[in-house]
K.L.:
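After the structure tokens below, expect a handful of questions from me.
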Number of protein chains: 2
Amino acid sequence: MTAKSGSSTGRSANAPCPLAEMPPFRVLPAELLDKLSAISRRRNLERNATLIDIGKSANVVGCVMKGVLRMSKTLVDGQQQIVGLLVAGDIFGRVFDGDFPFSIEAATDCEICLFPKAEFEALMEHWPELEKLVILGLLNELDSAREWLGLVANHRTVEKVAGFLVFLHRRWAFLAEEEEQPGGTLIDLPIKRQDLALFLGTRPEAVSRAFHALHDKGHIRIVTPYRFLIVDFEALDRISGQSVSQLDVHRALASGEGPR
Amino acid sequence: MTAKSGSSTGRSANAPCPLAEMPPFRVLPAELLDKLSAISRRRNLERNATLIDIGKSANVVGCVMKGVLRMSKTLVDGQQQIVGLLVAGDIFGRVFDGDFPFSIEAATDCEICLFPKAEFEALMEHWPELEKLVILGLLNELDSAREWLGLVANHRTVEKVAGFLVFLHRRWAFLAEEEEQPGGTLIDLPIKRQDLALFLGTRPEAVSRAFHALHDKGHIRIVTPYRFLIVDFEALDRISGQSVSQLDVHRALASGEGPR
DNA sequence: TCGCGTCATTGACAATTCACAACGATCGCG
DNA sequence: CGCGATCGTTGTGAATTGTCAATGACGCGA
């Protein structure tokens, strides 16, 4: 299974996961939660640790509890192509399918919860609720990937970067990664410039220039290279050219859909 | 334009679909196939007809029997952003979820098979095989979307276009859209230049130039604007940047070399 | 058959990004 | 406390694309 950076696992490896705390799982009946907890293994990952290597068999299904993971393909020359990010609440795993067509690495320190694939699938067959959860999770991932596609399809780097900030703001709104501030919303960037550049289909230099262009226009404020203050969200949304408001539906899933 | 060509449906609307002929459904037990057929409605779509309007409630699950459909979002400025294509064998539908966050239109004349969502979901709860089918279908869509992401993330238009051809060749290999020819493989392009440009994050002019650049290098042959002959598949794969270094490709192109 | 509109193609120029390089800031470690 | 490595930032010329405009090919309907 996921052999990797040795012992970032720690001794909490076998402790059951507080699944009930994660938004997507909240809707599940208590009995199912118990069964899930019973087969769950907790795991901590240090930044840059590899969870799943492309091609290698990885018979696990998992859920991100904390942190950010990146999914990427490694091309023959060693260059990485990032194909997606996983954040808290996201479920990953090739249920009923073969191996992952990409690697999964920790972009930040992470806490994740793993289930043996076979046992997870067995549970799915008996619990339609779990099956529903998986399907909704996949639809969510799909929407996310397509939203990214829209971002990357933009021509100017400023549009991509602005769209990226909008994306962060909208999609991870329920996470503790943002804080309200007198001047706007504070956003922490989970990945470094080079990764972001790869993801957006550009170069680190262009990303840097774009951030500073937005800064100079007064739309954002660069607190540190990894922390931004969103001053004028509307402006970013306008620049990104993505002004679509129909995606709010799925976020109900991610946010636990309890309220309202 | 796309005025939902009302009743292109014809009188074959209620005829059962030959589901058993579609690859994804072949594995299902006969009894389930019968039940699916019982609730299925066949439908024909003319090119540019709208199947599903964004935002509108569409309580259907469907399968493409023939032709190509495009999924797209319409941005505030009226521009379309294409987020995916559906080809024969693809299953679409927001199972257990709300409305579509995009529109679906026929890129070519199409034959599709529709199921009422509620009844389809009911079948899923009793037939794990169907559930499995849906999940695998979603995983497939996800892979497809991520592959697109890799394409669009490329910088040069030649890389995007080359990657697109590779994508067509690999992903729809089982379709009758390609034919073997003495000189290579014949591929039919299901969408026009402008759509492709939107999809690849560039302009029609650039797409055109890229196609002709590949033509001039001898890697493809443009039979008609919608029909290409793949002469040197390896070269395309190399140029696409999905399997080799983009730097090498740049140099290879710059020096004007052919296949090794 | 002719006329019309759509679409692909091509050309020329401006705008933007890439690529290469150097510099500076930050952080961990001895 | 200084050293080195990593990363972010900035500057410059070269390459590529976006943009605007015009032309030509094709299909459709009158």
Side-chain angles (χ1 to χ4, degrees), chain A residues 46-48 77 79-80 107-109 152-162 164 188-217 220-228 239 241, chain B residues 1-2 5 46-48 77 79-80 107-109 151-162 164 188-217 220-228 239 241 245-256:
Chain A
E46 292 168 0
R47 195 164 102 91
N48 289 331
D77 64 342
Q79 270 232 329
Q80 277 193 338
T108 67
D109 287 349
V152 178
N154 277 323
H155 318 136
R156 284 191 278 300
T157 308
V158 208
E159 299 173 2
K160 300 186 183 187
V161 170
F164 173 75
D188 279 331
L189 183 67
I191 56 179
K192 61 187 181 189
R193 293 287 190 279
Q194 186 171 0
D195 284 348
L196 183 54
L198 281 173
F199 211 130
L200 293 177
T202 181
R203 308 271 125 190
E205 299 95 324
V207 172
S208 183
R209 288 187 234 269
F211 272 127
H212 284 267
L214 291 173
H215 175 101
D216 292 344
K217 287 218 174 70
I220 68 173
R221 208 162 67 76
I222 304 177
V223 185
T224 78
Y226 290 95
R227 170 164 285 194
F228 305 92
I239 293 175
Chain B
M1 352 213 175
T2 46
S5 73
E46 293 169 359
R47 195 165 103 88
N48 288 331
D77 56 358
Q79 272 229 328
Q80 274 195 339
T108 68
D109 288 348
L151 280 190
V152 178
N154 278 324
H155 317 137
R156 277 179 230 73
T157 308
V158 214
E159 299 172 2
K160 300 186 184 188
V161 170
F164 174 75
D188 279 331
L189 183 66
I191 56 180
K192 61 186 180 189
R193 294 286 189 279
Q194 186 170 0
D195 284 349
L196 183 55
L198 282 173
F199 210 131
L200 294 177
T202 180
R203 308 269 122 188
E205 297 94 329
V207 172
S208 184
R209 290 183 171 111
F211 272 126
H212 284 266
L214 291 174
H215 175 102
D216 292 345
K217 293 246 186 282
I220 67 174
R221 206 162 67 76
I222 305 178
V223 184
T224 77
Y226 291 93
R227 170 165 284 195
F228 306 91
I239 293 175
S245 152
Q246 299 177 2
L247 255 178
D248 293 345
V249 167
H250 185 192
R251 300 210 171 100
L253 274 186
S255 60

K.L.:
Starting at CD of Gln194(A) and ending at C1' of dT9(D), how long is that distance when rounded to a whole Å?
P.N.:
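Taking CD of Gln194(A) and C1' of dT9(D), I get 14 Å after rounding.
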K.L.:
I need the Glu159(A) CD to Ile239(A) CD1 distance, nearest 0.5 Å.
P.N.:
8.5 Å
K.L.:
Tell me: CZ of Arg203(B) to C1' of dA21(D), nearest whole Å?
P.N.:
16 Å
K.L.:
How do Val207(A) and His155(A) order along DNA chain D: which one's closest nucleotide is nearer the 5' end?
P.N.:
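The residue closer to the strand's 5' end, by nearest nucleotide, is Val207(A).
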K.L.:
dT16(C) P sits how many Å from Arg156(B) CZ, rounded?
P.N.:
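The distance from CZ of Arg156(B) to P of dT16(C) comes to 20 Å, rounded to the nearest Å.
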K.L.:
If you assign each of Thr224(B) and Val158(A) to its closest nucleotide in DNA chain C, which residue comes earlier from the 5' end?
P.N.:
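Nearest-nucleotide comparison on DNA chain C picks Thr224(B).
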K.L.:
What is the distance, rounded to the nearest whole Å, between atom CG of Leu200(A) and atom C1' of dT17(C)?
P.N.:
14 Å
K.L.:
Are side-chain heavy atoms of Val161(A) and Leu200(A) found at a separation under 4.5 Å?
P.N.:
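Yes. Closest side-chain heavy atoms under 4.5 Å.
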K.L.:
How long is the span from the CG atom in Leu196(B) to the CZ atom in Phe211(B), to the nearest 0.5 Å?
P.N.:
5.5 Å
K.L.:
Can you find a donor-acceptor N/O pair under 3.5 angstrom joining the side chain of Arg209(B) to the base of dG18(D)?
P.N.:
no
K.L.:
Does a side-chain N-to-carboxylate-O contact under 4.0 Å join Asp109(A) and Arg47(A)?
P.N.:
no
K.L.:
Please check the phosphate of dT17(C) (OP1 and OP2 only) for any side-chain N or O of Thr157(A) closer than 4.0 Å.
P.N.:
yes
K.L.:
Given atom CD1 of Ile191(B) and atom P of dA8(C), what is their separation to the nearest angstrom?
P.N.:
10 Å
K.L.:
Any side-chain N or O of Tyr226(A) less than 4.0 Å from the OP1 or OP2 oxygen of dG8(D)?
P.N.:
yes
K.L.:
Side chain of Arg193(A), backbone of Pro225(A): donor and acceptor closer than 3.5 Å?
P.N.:
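Side chain of Arg193(A) to backbone of Pro225(A), a donor-acceptor pair under 3.5 Å: yes, one is there.
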K.L.:
For Phe211(B), answer base if it contacts any base atom (sugar-phosphate contacts may also be present), sugar-phosphate if it contacts only those atoms, and nothing otherwise; contact means non-hydrogen atoms under 4.0 Å.
P.N.:
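Nothing, no nucleic acid heavy atom in range.
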K.L.:
Could you check Thr202(B) against Arg193(A) and say which one's nearest nucleotide on DNA chain D is further toward the 5' end?
P.N.:
Arg193(A)
K.L.:
What integer distance in Å separates Asp216(A):CG from dT9(D):C1'?
P.N.:
13 Å
K.L.:
Within this structure, what is the NZ-to-P distance between Lys192(A) and dT26(C), rounded to whole angstrom?
P.N.:
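Answer to the nearest Å: 18 Å.
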K.L.:
Figure out the CD/P separation between Glu205(B) and dC7(C), and round it to whole Å.
P.N.:
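Atom CD in Glu205(B) sits about 14 Å away from atom P in dC7(C).
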